[in-house]
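Presented below is the structure to which this report refers.
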Amino acid sequence: MSLGKKYTLNTGKEIPLRGYGTWQAAPGEVAAGVFEALKAGYRHLDLAKIYQNQREVAEGLKKAFKEIPGLKREDIFITSKLWNSQHRPDVVEAALDDTLNELGLDYLDLYLIHWPVAFKTGDELFPLVEGKNLPDGDVEIDDSISLVDTWKAMINLPKSKVRSVGVSNFNIEQLEAIIKATGVVPAVNQIERHPLLQSNELIAYAKEKGIHITAYSAFGNNMLGVPLLVNRPEIKEVAEKASKRLGTTVTPAQVILAWSEVGGHSVIPKSVTPSRIVENFTDIELAPDEIEAINALGKERRRYNIPYIANKPRWDIDVFGEPEEKPATHKVNLGA
């Protein structure tokens, strides 16, 4: 089982490094997955409004509190995220209240701006440009709402409802903008990070500023039909070496998760299979040469989660400055 490693955020709160992710969990699976994760020892849950499964997460929590001896709310670090259609400052707290209501909780440990992208404000998760239809229409971007405006609303949320606030999918320029405008440094930046997208410059910046990094899509991403990184021969080779060195079976998934935590970062693998949930929570220590072998994969740099090309409906906005995003009509409104 995991050693239960934690990292102290710039707010003084501790975040467990190994978390349980709920993105892309199918309906009917999330409640059981959350319960199995908590039973296995996870004490960090990663959620989001857009996953549309927070009520099911609440069912898993309720069962866990009832059936796992001694488990209390304060034992679990729970993260959720502000969705793009709720970026307007006057609706940010109401969005948090909605999430708390779905989860049946009084507070979150961490609340993140999910993307540095503001959609048209409203109840629709994907408001489409007028005259467009799913699945090929574009989401309506609201260029009048800036990151600074939304961040100001986030940092003014009542501490009784959220212990720490942060961001997700932000680059250095976007982080600089909100920090310079407010003087408040996000507690966390949750980013796509895996052996093919190591984001060393962003991580160095985050370390300098005291921003904790949480990695999602640690195994890559199968949204585009690309094999997951656990199938890479280089990862399998490291797993075999680690197995011989440690005298126990080490899986490719365990190798990637251990690599993800090097440097004190957290990682949030998702599975709904009980045996995999336990496997993903098992902690190993990689040898320096094993870490270097994984680092070498960074030469192939690949980002999977680019909304302009990966999402339907399309987000016609340049989020990361990747070559694939150059044709986008909209740019992120940093604010001042």
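Using a 3.5 Å distance cut-off with no hydrogens or angles, the side chains of Asp143 and His330 do pair a donor with an acceptor. For the 3.5 Å distance criterion, the side chains of Ser243 and Thr249 fail to qualify, holding no donor opposite an acceptor. Between Asp46 and Gln190, the side chains place a donor N or O and an acceptor N or O closer than 3.5 Å (distance only, hydrogens not considered). The closest side-chain donor-acceptor pair between Ser260 and His265, if any, does not fall under 3.5 angstrom. Glu322 and Tyr308 share no donor-acceptor pair across their side chains, judged by distance under 3.5 Å alone.
Within the 4.5 Å cutoff, the side chain of Trp115 has heavy atoms near those of the Pro307 side chain. Side-chain contact between Leu125 and Ile50 is present, with heavy atoms from C-beta onward closer than 4.5 Å. Within the 4.5 Å cutoff, the side chain of Thr251 has no heavy atoms near those of the Arg276 side chain. In this structure the side chain of Leu96 never reaches within 4.5 angstrom of the side chain of Leu82, judged on heavy atoms. In this structure the side chain of Leu108 reaches within 4.5 angstrom of the side chain of Leu100, judged on heavy atoms. Using a 4.5 Å cut-off on side-chain heavy atoms (C-beta onward), Asn171 and Val319 make no contact. Looking only at side-chain heavy atoms (C-beta outward), Val272 and Val30 stay at 4.5 Å or farther from each other. You'll find the side chain of Val188 stays beyond 4.5 Å of the side chain of Ser164, heavy atoms only.
Between Thr22 and Val34, the shortest heavy-atom contact is CG2-CG2, 4.4 Å. Closest approach of Glu36 and Ile277 over heavy atoms only: CB-CD1, 3.8 Å. Among all heavy-atom pairs drawn from Gln86 and Ala95, the shortest one is CB-CB, 3.8 Å. Residues Glu173 and Leu334 share a closest heavy-atom pair of OE2-CD1, 3.5 Å. Here the closest heavy-atom approach between residue Val139 and residue Pro313 is recorded as CG2-CG, 3.6 Å. The heavy-atom pair separating Gly70 from Asp75 by the smallest distance is O-OD2, 3.5 Å.
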Report task. Show your reasoning for whether side-chain hydrogen bond (donor to acceptor under 3.5 Å, both in side chains) applies to Asn295 and Trp259. Result -> CA-CA 9 Å; Asn295 287 345; Trp259 173 86; 2.8 Å; yes
Query raised in the report: Taking it one step at a time, do Ile191 and Thr214 satisfy side-chain contact (heavy atoms from CB on, under 4.5 Å)?
Result: CA-CA 6 Å; Ile191 60 173; Thr214 296; over 6 Å; no
**Report entry** Check against side-chain contact (heavy atoms from CB on, under 4.5 Å), Lys241 and Val238
**Finding:** CA-CA 5 Å; Lys241 286 183 65 176; Val238 171; 5.6 Å; no
Query raised in the report: Where do Val230 and Ile235 land on the side-chain contact (heavy atoms from CB on, under 4.5 Å) test, with the steps shown first?
Result: CA-CA 6 Å; Val230 291; Ile235 300 294; 5.6 Å; no
Requested in this report: Starting from the C-alpha separation in whole Å, work towards a yes-or-no answer on side-chain hydrogen bond (donor to acceptor under 3.5 Å, both in side chains) for Thr99 and Gln54.
Outcome: CA-CA 7 Å; Thr99 277; Gln54 292 188 142; 3.2 Å; yes
Query raised in the report: Could you walk me through whether Asp318 and Lys331 pass the salt bridge (Lys or Arg N to Asp or Glu O under 4.0 Å) check?
Result: CA-CA 5 Å; Asp318 182 348; Lys331 302 292 182 184; 3.2 Å; yes
Requested in this report: Run the numbers on Ser217 and Glu192 for side-chain hydrogen bond (donor to acceptor under 3.5 Å, both in side chains), then give the verdict.
Outcome: CA-CA 6 Å; Ser217 292; Glu192 177 186 345; 5.5 Å; no
Requested in this report: Apply the test side-chain hydrogen bond (donor to acceptor under 3.5 Å, both in side chains) to residues Arg18 and Tyr42: give CA-CA distance (whole Å), side-chain angles for both, the deciding distance (0.1 Å), then the verdict.
Outcome: CA-CA 7 Å; Arg18 193 69 55 91; Tyr42 289 80; over 6 Å; no
Query raised in the report: Would Lys39 and Glu67 satisfy salt bridge (Lys or Arg N to Asp or Glu O under 4.0 Å), going step by step from the backbone distance to the final call?
Result: CA-CA 9 Å; Lys39 189 169 70 170; Glu67 298 186 19; over 6 Å; no
Requested in this report: Walk me through it: do Arg232 and Glu237 pass the test salt bridge (Lys or Arg N to Asp or Glu O under 4.0 Å)?
Outcome: CA-CA 9 Å; Arg232 290 285 300 236; Glu237 184 177 341; over 6 Å; no
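The environment of CG in Asp90 is crowded: more than 12 heavy-atom neighbours from other residues, nucleotides or ligands sit within 6.0 Å.
Hydrophobic clustering, with ILVMFWY side chains joined whenever heavy atoms are under 4.5 angstrom apart, keeps Leu47 apart from Ile15. Two different hydrophobic clusters hold Leu110 and Ile76 under the rule that ILVMFWY side chains link at heavy-atom gaps under 4.5 Å. When the side chains of ILVMFWY residues are joined at heavy-atom separations under 4.5 Å, either directly or via intervening members, Trp23 and Phe77 end up in two distinct hydrophobic clusters. Under the 4.5 Å side-chain heavy-atom criterion for grouping Ile, Leu, Val, Met, Phe, Trp and Tyr, Leu175 is not connected to Leu197 through any hydrophobic cluster. If you chain together hydrophobic residues whose side chains sit under 4.5 Å apart, Ile145 and Val129 never meet in one group.
Ring orientation note: the planes of Phe126 and Trp83 are nearly perpendicular, at an angle over 60° on the 30°/60° scale.
Rounded to the nearest 0.5 Å, atoms CG (Leu17) and CG (Leu257) are 11.5 Å apart. Distance check: Glu261 CD to Ile284 CD1 gives 10.0 Å after rounding to the nearest 0.5 Å. Note: Thr273 OG1 to Glu29 CD = 8.0 Å, rounded to the nearest 0.5 Å. Considering CD1 of Ile317 and CG of Asp138, their distance stands at 11.5 Å, rounded to 0.5 Å. Atom-to-atom distance recorded for Leu112:CG and His114:NE2 is 8.0 Å, nearest 0.5 angstrom. Between Lys209 atom NZ and Ile172 atom CD1 the span is 10.5 Å, to the nearest 0.5 Å.
We find that Lys5 and Glu285 are joined by a salt bridge, their nearest charged nitrogen and carboxylate oxygen being less than 4.0 Å apart.
No donor-acceptor pair closer than 3.5 Å links the side chain of Asn189 to the backbone N or O of Ile211. Formation of a donor-acceptor pair under 3.5 Å by the His44 side chain with backbone atoms of Pro16 is found in this model. Looking at Glu290, its side chain never comes within 3.5 Å of a backbone N or O of Leu286 through a donor-acceptor pair.
The cationic group of Arg303 lies under 6.0 Å from the six-membered ring centre of Phe320 and within 45° of the ring axis, placing it in a cation-pi geometry. The side-chain tip of Arg163 does not point at the ring of Tyr111 from less than 6.0 angstrom away and within 45° of straight on. A cation-pi arrangement, defined by a distance under 6.0 Å to the six-membered ring centre and an angle within 45 degrees of its axis, is absent between Lys161 and Tyr107.
When each of Arg73, Lys13, Arg43, Lys159 is checked for a salt bridge (Lys or Arg N to Asp or Glu O under 4.0 Å) with Asp109, only Arg73 meets the rule.
For an aromatic pair to be called close, the ring centres must be under 6.0 Å apart, and Tyr216 with His194 fails this.
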